[in-house]
Structure formats: C-alpha cells, structure tokens
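Heads up: the structure comes next, in structure tokens.
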Amino acid sequence: MLCVPTGGGSRLRLSLPFSSGFEKMIHSLFLINCSGDIFLEKHWKSVVSQSVCDYFFEAQEKAADVENVPPVISTPHHYLISIYRDKLFFVSVIQTEVPPLFVIEFLHRVADTFQDYFGECSEAAIKDNVVIVYELLEEMLDNGFPLATESNILKELIKPPTILRSVVNSITGSSNVGDTLPTGQLSNIPWRRAGVKYTNNEAYFDVVEEIDAIIDKSGSTVFAEIQGVIDACIKLSGMPDLSLSFMNPRLLDDVSFHPCIRFKRWESERVLSFIPPDGNFRLISYRVSSQNLVAIPVYVKHSISFKENSSCGRFDITIGPKQNMGKTIEGITVTVHMPKVVLNMNLTPTQGSYTFDPVTKVLTWDVGKITPQKLPSLKGLVNLQSGAPKPEENPSLNIQFKIQQLAISGLKVNRLDMYGEKYKPFKGVKYVTKAGKFQVRT
Amino acid sequence: MPYLGSEDVVKELKKALCNPHIQADRLRYRSVIQRVIRHMTQGVDMSGVFMEMVKASATVDIVQKKLVYLYMCTYAPLKPDLALLAINTLCKDCSDPNPMVRGLALRSMCSLRMPGVQEYIQQPILNGLRDKASYVRRVAVLGCAKMHNLHGDSEVDGALVNELYSLLRDQDPIVVVNCLRSLEEILKQEGGVVINKPIAHHLLNRMSKLDQWGQAEVLNFLLRYQPRSEEELFDILNLLDSFLKSSSPGVVMGATKLFLILAKKFPHVQTDVLMQVKGPLLAACSSESRELCFAALCHVRQILHSLPGHFSSHYKKFFCSYSEPHYIKLQKVEVLCELVNDENVQQVLEELRGYCTDVSADFAQAAILAIGGIARTYTDQCMQILTELLGLRQEHITTVVVQTFRDLAWLCPQCTEAVCQALPGCEENIQDSEGKQALIWLLGVHGKRIPNAPYVLEDFIENVKSETFPAVKMELLTAVLRLFLSRPAECQDMLGRLLHYCIEEEKDMAVRDRGLFYYRLLLAGISEAKQILCSPESDPSLRLLEDQAERPVNSWALDFNTLVPVYGKARWATIAKCQGVEHHGPELPNTAAFPTSGSLIPEENKERVQELPDSGALMLIPNHQLTAECFEKTWLSLKVAHQQVFPWQGAVHPDTLQMALQVVNIQTIAMSRAGTQPWKAYLSAQDDTGCLFLTELLLEPANLQMQISVKQSEARTETLKSFISVLETVIGTIGDIKS
C-alpha cells in the first residue's frame with residue numbers, strides 16, 4: 001500500500017542538492033546532413049529556433065573533419081547532444097542537466113528505428129518517408145520523454161513501409177497504421193505479447209563476434225579483444241520458457257543481459273534461462289579480452305617506403321591466413337588513409353580490385369577471400385608531391401573480414417531446452433566472426 | 001525561410017482541399033494532406049489552409065487524423081481563434097471507442113500550446129486518467145504536466161497531484177514512470193516529486209518490469225530517498241545488483257550512481273561497486289557508438305581521480321586507433337597519462353611516442369604534453385623521448401616540447417641538466433609566441449649552463465623590430481637582463497642595444513615601461529637588480545599542489561552520470577551559471593578588483609585575529625621556517641589529526657590569506673594561484689614546545705566550503721584545539737571581509 005503525501009508534499013521538501021532530474025528531457029531534435037542542411041526538425045515542447053544549430057555548425061567548422069565534432073556542445077541557453085550516424089547528425093536540444101549516456105543511447109535508438117523501418121538511415125530514406133518519421137518520433141517521445149522504443153511494439157503502432165504494402169494500400173486505401181493497440185501491456189511479462197501463435201515454431205540464435213585489434217609493425221599484437229553478441233529470432237507460440245547452455249560458459253566473464261534473463265540463475269548455474277520476447281532481440285553481449293584467448297585470423301606482410309628527396313615510394317602488402325581454425329576468410333577489404341603528400345598510386349592487385357581517391361587520399365582494396373595456395377597481394381608505385389618532405393609516419397591499414405561458422409573465442413552453444421509448452425520447436429545456431437576495429441600499423 | 005512561389009503552393013493546395021471530388025476520394029484527399037505536411041516540414045508557411053485542415057480532421061481515416069493533428073499542433077499558436085473550432089472534433093475523438101484515437105486526440109489537444117485551451121482539456125485529461133486503456137492513461141498523465149505549464153506554473157492543483165501519486169500504483173509500468181515525470185514537473189517549485197519509503201520500495205519492486213529508459217529515470221529519482229537503517233540500505237543495494245549488469249549503459253551508470261550515493265558511508269562498498277562496473281564501463285569505452293565511448297571515457301577519468309590504479313591493468317584498451325575521432329583520442333591520451341605505473345610505463349610511452357608524429361597537429365601536441373606530464377614521475381625515459389622529438393625539426397612539435405621543458409625545469413630541478421643539453425638548435429624551429437617565450441625564459445634562467453645562450457638571444461634581439469608579439473619582447477628583456485647578471489661580458493653590448501630599442505623605438509607601452517624599469521633598476525646598482533631578478537629557478541613545491549591526492553569518491557559521486565565529467569567541474573560551473581541553471585553557483589574569481597595597497601585587514605578584525613593566540617595555551621613561535629621538501633616529507637609521514645569544514649563563499653585572494661596567517665605566525669608553504677579549482681594551500685606552524693602543525697586547506701567553490709586537514713607532529717589534543725580555533729578565526733575573518 002502506498003502512502004500518498006498530500007498537498008504536493010511540500011512538508012517533505014528535499015534538502016539534498018540534486019538538480020531537478022529529468023524534467024524536460026529532450027526538447028527538440030534536428031537532423032542535419034553532411035553539407036550542413038537541416039532537413040528535418042521536431043519539437044516536443046515549445047519551438048526552438050533553428051538558429052540554435054549555428055553553435056553546432058561553428059563546432060563543425062572548428063573540427064575540420066565532420067567526424068570530429070564533439071558530441072556535447074553547450075550554448076548560452078541549451079546543450080546540444082548529437083550523434084553521427086551514416087553521414088547524418090542527430091542533434092538533440094536539451095535544456096537542463098541530463099545523464100549524457102541516456103540521451104546518446106536514445107538518439108541511437110531513433111537512428112536504429114529508422115534503419116529498421118526504411119532499410120537504411122539516410123537523408124533520402126527519411127525524406128521519402130517523412131510522414132512515418134514524424135509518426136515514429138511522436139510515439140517514441142512525448143513531452144520530451146522516451147515512450148515506446150521497442151521495435152516490435154512500435155511496429156504494431158505504425159506499420160513499416162514495404163513495397164508490397166504500399167501497393168496494397170494504394171489499391172485498397174488501407175493505412176499503414178495499426179488499428180489495434182499493442183498488446184504488450186496486456187501480458188504479465190512486459191516484453192512479451194500475450195496470445196502469440198505460429199504455425200511453425202522456431203528459435204534461432206546468431207553468435208556474432210567482432211575482433212578489435214591493433215597489430216604493430218612487426219606483426220605482434222598490441223591489443224586485441226573480442227566483442228560478442230548473441231542475437232535471437234524467436235517465433236514460438238504461447239509462453240515458452242527457454243534455457244540455453246554453453247559448452248564453455250567460463251569464457252564469458254563480462255556479460256550484459258537482456259532484461260528477460262534470470263540473473264540469479266546465471267550466477268549460480270551459468271545457464272541463460274528466460275521467457276523470450278517475440279521476434280528479434282539481443283539476448284546478451286559479452287567481451288573476451290584476455291590476450292591469449294584472442295586468436296588473430298589474418299596476418300599482413302607489408303613494405304611501404306618513401307624515399308628521401310624523391311617523388312616516389314614503394315607500396316607492397318600481402319595478406320595471409322593465421323589462426324583461422326581451418327575456415328575460409330572472406331569479404332576482406334583493406335582501407336588505407338595515405339599521407340597528404342601522396343598524389344596518386346599505381347598498383348597491381350593479384351586479386352580483387354582497388355581504388356584510390358586522390359582527394360581524400362583513401363586507398364580501398366576489395367580483396368574477396370583468401371585462398372592459401374596463392375596469397376593476395378597489392379604492389380606498385382606511389383607518386384608523391386615533388387619537393388615536399390617525406391612523410392614522418394607510414395599509414396595504418398584498416399582491415400575488414402568475415403569468417404562464417406566460427407566464433408573465434410571458441411564459444412559453443414551446448415543445448416536449448418524449452419519448458420512450459422508442449423510442441424517441439426525448430427532450433428538453430430549460427431556463428432560468424434568479423435573484424436571490428438582491426439588495425440595493422442606499418 | 002524564403003521560398004519562391006510559396007503563395008502559389010498554398011493557393012493550389014487550398015483549392016485542392018476544398019474540391020469535393022478530392023474530398024470524396026480518400027486516397028487523393030490524404031495525399032493532398034501529405035503534401036501540406038511535407039511543405040510544412042520544409043519550413044513553408046502553411047497556416048493559410050488551417051480552416052480546410054480543420055475540416056479534414058473529421059474523418060474515420062486514422063492516418064489522416066494523425067496528419068491533421070500534427071498540422072494543428074504546429075499552427076495552433078498562430079491561429080488561436082480558428083484552432084478553437086478544431087477542439088470540438090478533438091473532444092469528440094477523446095471518447096472514441098478506439099483507444100488509439102482517444103490517446104491520439106488527447107495528446108494532440110494537450111500539445112496545442114495556445115492560450116485558453118486549458119478549460120477545454122481539463123475534463124478530457126481527468127477522464128483519460130481513469131481510462132481503461134493504458135495507452136490513454138500514459139498520454140493523460142503527461143497531459144497533466146502540459147496543462148500545468150499552460151496555466152503558467154502558478155498554483156498546484158492538489159487534487160490532481162494526489163491523483164497522480166495514487167496512479168504510481170498503476171498496472172502499466174510506463175504510466176508509473178510518466179507519473180513521476182509529470183509530478184516532477186508540476187511540483188518543480190516545491191523541489192519535485194517526493195520519494196518516501198513506501199514509494200521507494202514500490203518503485204524498486206517494479207524496476208524489473210520497466211523498459212531501460214524507465215529504469216534509468218527511476219534510478220535517478222531514487223537518489224532522493226534515504227534509507228532509514230543500514231539493513232534497509234543493504235536490502236536496496238541487493239535489489240539493485242542486477243542492474244549493474246544491464247545491457248544499457250545508461251542504466252548501468254544510473255545504478256552505479258545510486259550505489260555510490262546510498263553507500264556514501266561505506267567506502268569499501270563504493271570501491272566494490274566500481275570494481276563491478278569496470279567491465280561494463282570498459283565495454284562502453286569500446287562501444288560501436290563513438291559518442292557513448294566518449295561519455296564513458298569522461299567517467300573513467302573521474303573514477304581515476306579516486307582510484308588511480310583502477311584501470312591500470314587494462315591500459316591497452318585506451319590505446320588510440322587510427323580511425324577514431326579526435327575527441328576520443330584526446331580523452332584516451334588523458335586517461336593513459338593517469339594510469340601509468342612502473343609496469344606499463346614503457347609500453348605507454350612507446351604508444352604515446354607514436355602519437356607525437358600524428359598527422360593532426362593538435363593530437364600530436366596533446367601526446368607531447370602527456371609525455372611531459374608523465375616526465376614528472378618517470379623523468380629519464382620521457383626526457384629521452386622528448387629530446388628525440390626535437391630531432392624531427394617540425395615546428396608544431398618543437399614548440400610544444402620546449403614548453404614542456406620549461407614546465408619540467410620549473411617543477412623538477414633534476415631535469416635541468418638534460419633540458420639545457422637538448423635546447424641548442426631549437427630556435428630554428430619555433431615561430432609561435434608561446435614557444436618563443438618558453439625558449440627565451442629557459443635561456444635567461446638557465447643561460448649559464450647553455451654555452452650558446454647569448455648568441456641565440458642576440459639573434460632574437462637582431463629581429464626584435466619584426467617581432468609581432470609584445471609578450472615575447474617582455475620575456476626577452478627579462479631573459480637578457482638575467483643572463484647579463486650571470487654572464488656580463490657576453491651580454492653587456494646586446495642588452496644595451498635592446499634597452500635602447502625598447503625605450504626609444506618600441507610602440508607597445510608595456511614593453512617600453514618594462515625597458516625603462518630595467519634601465520632604472522640597473523642605474524640603482526647591480527646588487528639591487530640581482531635581488532629582484534634572480535628569483536628561484538625552480539619550485540618543486542608546486543608539484544605538491546599538482547599531485548592530486550586521491551580524492552574521496554564522495555567528492556564526485558553527485559556529479560557522476562551528469563554532464564559535469566564531460567565538461568570538468570570548473571567549466572561546468574561557469575556554463576551552468578551562464579545558463580541560470582544553478583542559481584547559487586560559485587562566484588567567478590575576480591582577481592583584478594581587490595585592492596592591493598593599503599591595509600588588507602580592517603583594523604578591528606586585525607585585533608580580533610591578534611588577540612586569539614594568547615587566549616589558549618597555545619603559543620605559536622614567530623619566524624618559524626620550514627622548507628617545502630621538509631614539509632612534504634613530514635606531511636606524508638603523518639596522519640590527519642583533525643578534519644573540519646568551514647563555510648566559504650566565492651574565490652580566495654591568496655595574498656590576503658597569506659598575510660592574515662602571517663599575523664598569527666602561521667607560515668604558508670605553498671598555495672594555488674587565485675582562481676584555481678580546487679584551490680589548495682599548505683600551511684605550517686610550530687608552537688613553543690616544538691610541536692609542528694601542518695595544515696591543508698582545500699576549497700571547492702562549488703561546494704561553498706573550505707575543508708581543512710591538520711596534521712600534528714606530537715599528539716596533543718589541547719593544543720590542537722587551540723590551533724584549530726586560531727585557524728577558524730582567521731578563515732572566518734577573511735571570509736567576512738569578502739562577503
């Protein structure tokens with residue numbers, strides 16, 4: 001039983017020096033493209049003039065590169081907290097003290113939702129769907145507070161545009177708005193709808209691991225870490241209660257959980273026990289950072305040199321498999337930011353294709369996959385601006401790759417059991433390893 | 001926004017909206033409305049079709065309704081008289097059988113933002129609070145706050161507030177959170193929503209049912225609750241445990257802050273919590289989102305203030321990768337600088353060495369400054385790196401290296417020799433004012449150990465006419481005069497030329513005055529000039545101030561998970577003050593306005609101060625002297641005998657304080673410059689029995705208090721008490737003068 005302080009509770013006024021919390025969370029949102037056009041704005045309280053963005057543009061100018069605009073900017077009357085996603089800035093206007101991580105997370109959630117709805121989070125997609133964008137923003141935030149942000153709840157409120165649906169809509173004149181309310185709140189479990197029914201009952205898990213690493217000149221590892229997630233796609237009828245166990249749960253020492261997971265059970269038995277949300281969701285994310293556990297699947301042999309007092313240099317890199325556990329490494333791309341004095345590059349790849357952008361000085365080599373019999377290499381000459389001093393430092397190589405059917409940490413799902421329902425579901429686990437921020441210094 | 005032909009567009013759309021054929025065709029009607037909205041979002045003034053849009057709201061098509069509501073909310077403040085017509089439709093929709101329509105209508109009505117709408121929305125809101133659909137209740141609860149704002153924040157409707165408090169028990173978790181949000185806004189004047197024991201425990205039990213946003217906000221509201229007993233406290237902490245492992249960094253940070261605040265009397269619990277969130281914080285530091293990464297790094301730095309070794313074993317996580325944005329790299333360098341220890345110093349320095357040649361000059365300079373900072377503890381390794389960097393002969397590198405040399409020579413006298421050896425040749429690669437000043441200062445003060453110092457300075461004198469920075473000329477004057485005092489034969493001639501130039505030709509008054517002053521000083525005699533110019537060459541005692549002793553967790557717990565760690569406390573205070581958020585914010589240091597001549601302490605106060613030493617059994621001996629090294633050694637070897645906090649407002653005027661303390665025979669060993677935050681001072685005194693009193697004053701203007709810690713060489717409570725009371729009087733008096 002709650003006891004209600006009467007008369008607004010002024011008797012119990014706080015003397016603690018806390019600022020007044022979350023009052024007026026997000027005032028307004030501006031979407032700005034790379035060339036500095038504000039192409040969408042939304043205000044949840046009073047209208048804030050676009051001129052507030054001038055402070056943002058000022059910071060952008062100062063930062064030289066768009067990537068370097070600081071995420072928190074203060075102006076005389078507001079704070080601007082922004083994120084940079086897919087070449088767009090989401091700039092939120094805040095009026096009082098807020099937890100910065102909260103706002104940043106929320107802005108990312110908005111961007112994620114656009115991505116989810118329109119397939120891409122681009123200026124064109126947002127402009128094409130401007131009406132849905134407004135509907136979404138209206139449901140996601142009221143009076144400046146986050147409301148419905150779960151993708152499956154939102155999709156019941158506002159149907160995403162699909163080509164098929166827009167054709168059907170234009171014929172039948174029906175709308176892309178759900179006519180019924182989301183049922184989420186009718187069930188006892190807030191993250192699961194009641195009365196879910198499927199003809200095929202399926203539960204799929206994707207174990208996705210990304211390797212972040214810095215490899216030094218000599219090929220030894222300066223720093224390496226695995227960031228892993230388990231994403232689930234659950235289409236099960238009724239109220240299934242699942243438990244997922246691993247062959248080697250000790251690997252996971254630093255884990256964050258979806259709210260559905262019973263934390264105590266994990267602590268005592270190292271089993272993930274949960275009633276899943278319906279549809280797609282992220283079950284856990286984890287990190288493996290102990291140096292000796294992180295295998296480095298590729299190596300790069302490189303020789304990049306610039307001669308003193310000459311207008312050319314040599315460039316030669318070769319990629320090969322290292323600890324790849326016998327799997328094929330595919331989807332390899334190498335990106336190199338060459339020094340400013342490089343005018344052009346004249347290279348020959350043994351496989352794949354390369355491009356060099358003389359304006360941004362970015363070299364991109366699309367390699368494809370590695371066949372151990374013939375290692376891919378890229379070599380040739382670099383043309384330098386004549387008369388300029390030779391670059392102090394060799395560039396770093398950023399490498400992207402993908403390995404199917406392998407979780408590089410060695411994590412393996414043991415079994416999935418279901419309780420509470422009678423039917424027998426289809427189950428599946430897929431593994432994939434990718435490069436995260438994978439950098440080789442030369 | 002200027003938009004060509006916008007009038008034509010409005011006219012055309014108006015015609016289309018009125019066209020009965022279009023109105024009959026649902027699809028065409030809707031597409032016209034969509035065009036109106038599209039133009040509206042592009043900034044075209046569409047208020048001309050308001051009337052037609054109001055008519056369009058009477059439809060069963062829910063998409064069309066949404067669009068029209070959106071339009072009305074935007075233009076209602078411009079057309080209040082017409083908007084009243086729309087209210088009829090909205091009111092009707094508030095009792096529609098479809099809960100979605102009810103919620104939508106209510107939300108739009110509350111967002112109309114026009115005067116006079118209050119009387120129409122009150123009833124629908126009250127009905128909405130009791131609606132059976134939670135979707136409508138959510139909207140209605142927030143509507144209460146909007147209605148309150150429309151009323152102009154004047155009086156609080158007690159009945160409504162009670163209704164909201166009782167809705168905290170609602171089935172729907174979002175209704176609960178919205179109630180808190182709404183109450184917070186309505187009760188702003190009275191300090192916000194009140195969290196008493198039943199509410200606190202109710203919220204704690206509902207926590208697991210909330211979404212991440214709700215959890216983060218509830219955690220913030222719970223900060224206001226103070227458990228009655230230790231048992232209750234630990235029960236709460238147990239309930240909160242699992243939120244430290246949440247997948248949302250916002251929730252993790254919120255939970256951490258609540259832990260830190262609740263456990264403020266249990267330092268071991270605080271340390272334990274910080275251990276537990278180490279993983280999630282590090283994860284956030286390497287998050288895909290660069291912005292999260294940045295915010296997390298700022299918090300890591302804050303934790304390092306209290307637990308210096310906390311992240312040392314993970315130092316490699318803070319190595320910069322090439323593709324990261326600038327602001328993250330700069331934060332990482334700062335963090336690296338703070339977690340250096342004997343084991344990792346080699347690796348960290350190698351890494352930082354790599355950054356020094358980065359393409360971005362700013363980043364390279366930050367890395368050099370970081371090495372300079374580490375050099376205060378690991379001198380030899382750093383000096384070697386810095387000297388090597390000079391060999392690159394890059395302008396932006398050389399200037400920063402020379403500046404770090406200057407700071408090092410001042411703070412760590414043992415570096416001086418190495419600095420002097422490295423300097424020759426630098427002058428060729430320095431162009432900016434800061435770098436030149438640093439170089440000239442070094443040549444002046446340590447010129448006797450640098451063989452070619454006079455020649456370098458002579459070059460500067462040759463080019464003084466084309467020198468653009470007056471500050472450089474001033475520095476040059478002082479340096480040449482200093483060098484003249486130690487190497488007269490080599491410098492006499494050029495000093496003459498420089499003085500001649502400054503007095504006869506220089507246009508800048510300050511430089512000319514300085515020249516004249518030195519000229520007259522020399523006329524007064526060499527020994528006088530020596531007395532004035534040959535000040536100490538280094539001041540290691542400053543390091544004592546710079547070495548931030550481990551600050552207690554409680555000193556920043558309140559700032560955790562706010563914008564303070566992002567900006568730094570001092571800057572935050574300034575920003576917050578400008579924005580009027582923090583009304584009682586600290587006064588900014590006002591160094592210029594204080595009178596520097598005449599009696600600093602009014603007569604009556606002086607007496608009060610002087611009288612006191614006799615009143616106790618304590619007799620502080622005058623002319624007690626203690627060197628900074630001696631003080632540091634004794635200070636570190638003793639335990640704090642007494643700690644106390646005095647109220648204090650505004651900034652400190654070090655000179656005043658020092659003089660006042662002198663009056664009662666307390667010697668000042670070291671103190672921060674005026675305006676530094678936190679401001680610190682170290683004092684020492686000795687009584688007639690030989691007992692030493694060492695004192696630290698710590699002022700954090702934001703807290704409006706001065707913290708004193710006293711250490712005593714012999715444990716005697718009686719004299720300690722008297723000493724404290726003397727100190728109290730002095731500090732009290734100084735405080736009085738200022739306010």
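Since the structure is predicted, the reported quantities are computational estimates derived from the model, not experimental observations. Chain naming here is simple, since letters A, B, ... match the order of the sequence lines and numbering starts at 1 in each.
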*Return yes if some donor-acceptor pair links the side-chain N/O of A:T442 with the main-chain N/O of A:P395 below 3.5 Å, else return no.*
yes
*Engaged part of B:H299 at the chain A interface, taking heavy atoms whose separation is under 4.5 Å*: side chain
_Between A:K437, A:E41, A:R441, who has the most heavy-atom pairs with chain B when the cutoff is under 4.5 Å?_
A:R441
*Is the backbone N or O of A:Y286 less than 3.5 Å from a side-chain atom of A:Q227, with the two atoms forming a donor-acceptor pair by type?*
no
*Where on B:E288 is there a heavy atom nearer than 4.5 Å to chain A: the side chain, the backbone, both, or neither?*
neither
*For chain A, the option from B:I37, B:L70, B:I174 that forms the most heavy-atom pairs under 4.5 Å*: B:L70
*asked:* Need one label for A:F263: side chain, backbone, both or neither, based on atoms under 4.5 Å from any heavy atom in chain B.
replied: side chain
_Among the listed options B:G143, B:S242, B:S286, B:C110, the residue most often paired with chain A at heavy-atom distances under 4.5 Å_ = B:S286
_Test your reading of the model: is there a side-chain donor-acceptor pair from B:Y355 to the backbone of B:F319, 3.5 Å cut-off?_
no
*Measure B:N178 against the heavy atoms of chain A and call it side chain, backbone, both or neither at under 4.5 Å.*
side chain
_Engaged part of A:L283 at the chain B interface, taking heavy atoms whose separation is under 4.5 Å_ = neither
*asked:* For chain A, which candidate among B:Q34, B:K146, B:K329, B:Q64 shows the most heavy-atom pairs at distances under 4.5 Å?
replied: B:K146
*For the side chain of B:W213 and the backbone of A:F145, is there at least one donor-acceptor N/O pair under 3.5 Å apart?*
no
*Looking at CD1 of A:I215 and OG1 of A:T221, how far apart are the two atoms once the value is rounded to the nearest 0.5 Å?*
4.0 Å
*What part of B:K197 is in contact with chain A, defined as an atom under 4.5 angstrom from a non-hydrogen atom: side chain, backbone, both or neither?*
neither
*Would you call A:K42 and A:E138 a salt bridge, taking side-chain N to carboxylate O under 4.0 Å as the test?*
yes
*Which residues satisfy the side-chain contact (heavy atoms from CB on, under 4.5 Å) test with B:D241, sequence neighbours excluded?*
B:L244, B:F259, B:Q276
_For the interface with chain B, which of A:D212, A:I83, A:V69 has the highest count of heavy-atom pairs at distances below 4.5 Å?_
A:I83
*asked:* Looking at A:S92 and A:I81, would you say the former's side chain and the latter's main chain have a donor-acceptor pair under 3.5 Å?
replied: yes
*Against chain B, label A:V255 side chain, backbone, both or neither, depending on which of its atoms sit under 4.5 Å from a heavy atom there.*
backbone
*asked:* Using heavy-atom distances under 4.5 Å, tell me whether A:Q439 contacts chain B through its side chain, its backbone, both, or neither.
replied: side chain
*Go through the atoms of B:Q215 and report whether side chain, backbone, both or neither lie under 4.5 Å from a heavy atom of chain A.*
neither
*Of the backbone (N, CA, C, O) and the side chain (C-beta and beyond), which part of A:N398 lies under 4.5 Å from a heavy atom of chain B, both, or neither?*
side chain
*Indicate whether the side chain of B:H326 and that of B:S360 have a donor and an acceptor atom separated by less than 3.5 Å.*
yes
*Identify, with sequence neighbours excluded, every residue that meets salt bridge (Lys or Arg N to Asp or Glu O under 4.0 Å) alongside A:E139.*
B:R107
*Go through the side-chain N and O atoms of A:E105 and B:S248 and say whether any donor and acceptor fall under 3.5 Å apart.*
yes
*Under 4.5 Å heavy-atom distance to chain A, tell me which part of B:C320 shows up: side chain, backbone, both or neither.*
backbone
*What residue, out of A:E210, A:R85, A:K127, A:H337, has the most heavy-atom pairs lying under 4.5 Å from chain B?*
A:H337
*Any donor-acceptor N/O pair, B:S182 side chain to B:V141 backbone, under 3.5 Å*: yes
*At a heavy-atom separation under 4.5 Å, does B:N561 approach chain A through its side chain, its backbone, both, or neither?*
both
*Measure distances from B:L142 to the heavy atoms of chain A and classify the residue's part below 4.5 Å as side chain, backbone, both or neither.*
both
*Checking heavy atoms, do the side chain of A:R282, its backbone, both or neither come under 4.5 Å from chain B?*
neither
*When you check the gap from the basic side-chain N to the acidic O, do B:R224 and B:E184 get nearer than 4.0 Å?*
yes
*asked:* Counting only non-hydrogen atoms closer than 4.5 Å, does A:L40 touch chain B with its backbone (N, CA, C, O), its side chain (CB onward), both, or neither?
replied: neither
*Between chain B and each of A:D142, A:V130, A:V72, count heavy-atom pairs under 4.5 Å; write down the option with the most.*
A:D142
*Any Lys/Arg nitrogen of B:R290 or B:E324 sitting under 4.0 Å from an Asp/Glu carboxylate oxygen of the other?*
no
_Determine whether a donor-acceptor pair (N or O, by modelled atom type, separation under 3.5 Å) exists between the side chain of B:H202 and the backbone of B:L168._
yes
*Which one, B:A295, B:A283, B:P280, B:G214, leads in non-hydrogen pairs under 4.5 Å with chain A?*
B:A283
*Under a 4.5 Å heavy-atom cut-off, does chain A meet the side chain of B:I328, its backbone, both or neither?*
neither
_chain B contact via A:T335 - side chain, backbone, both or neither, heavy atoms under 4.5 Å_ = neither
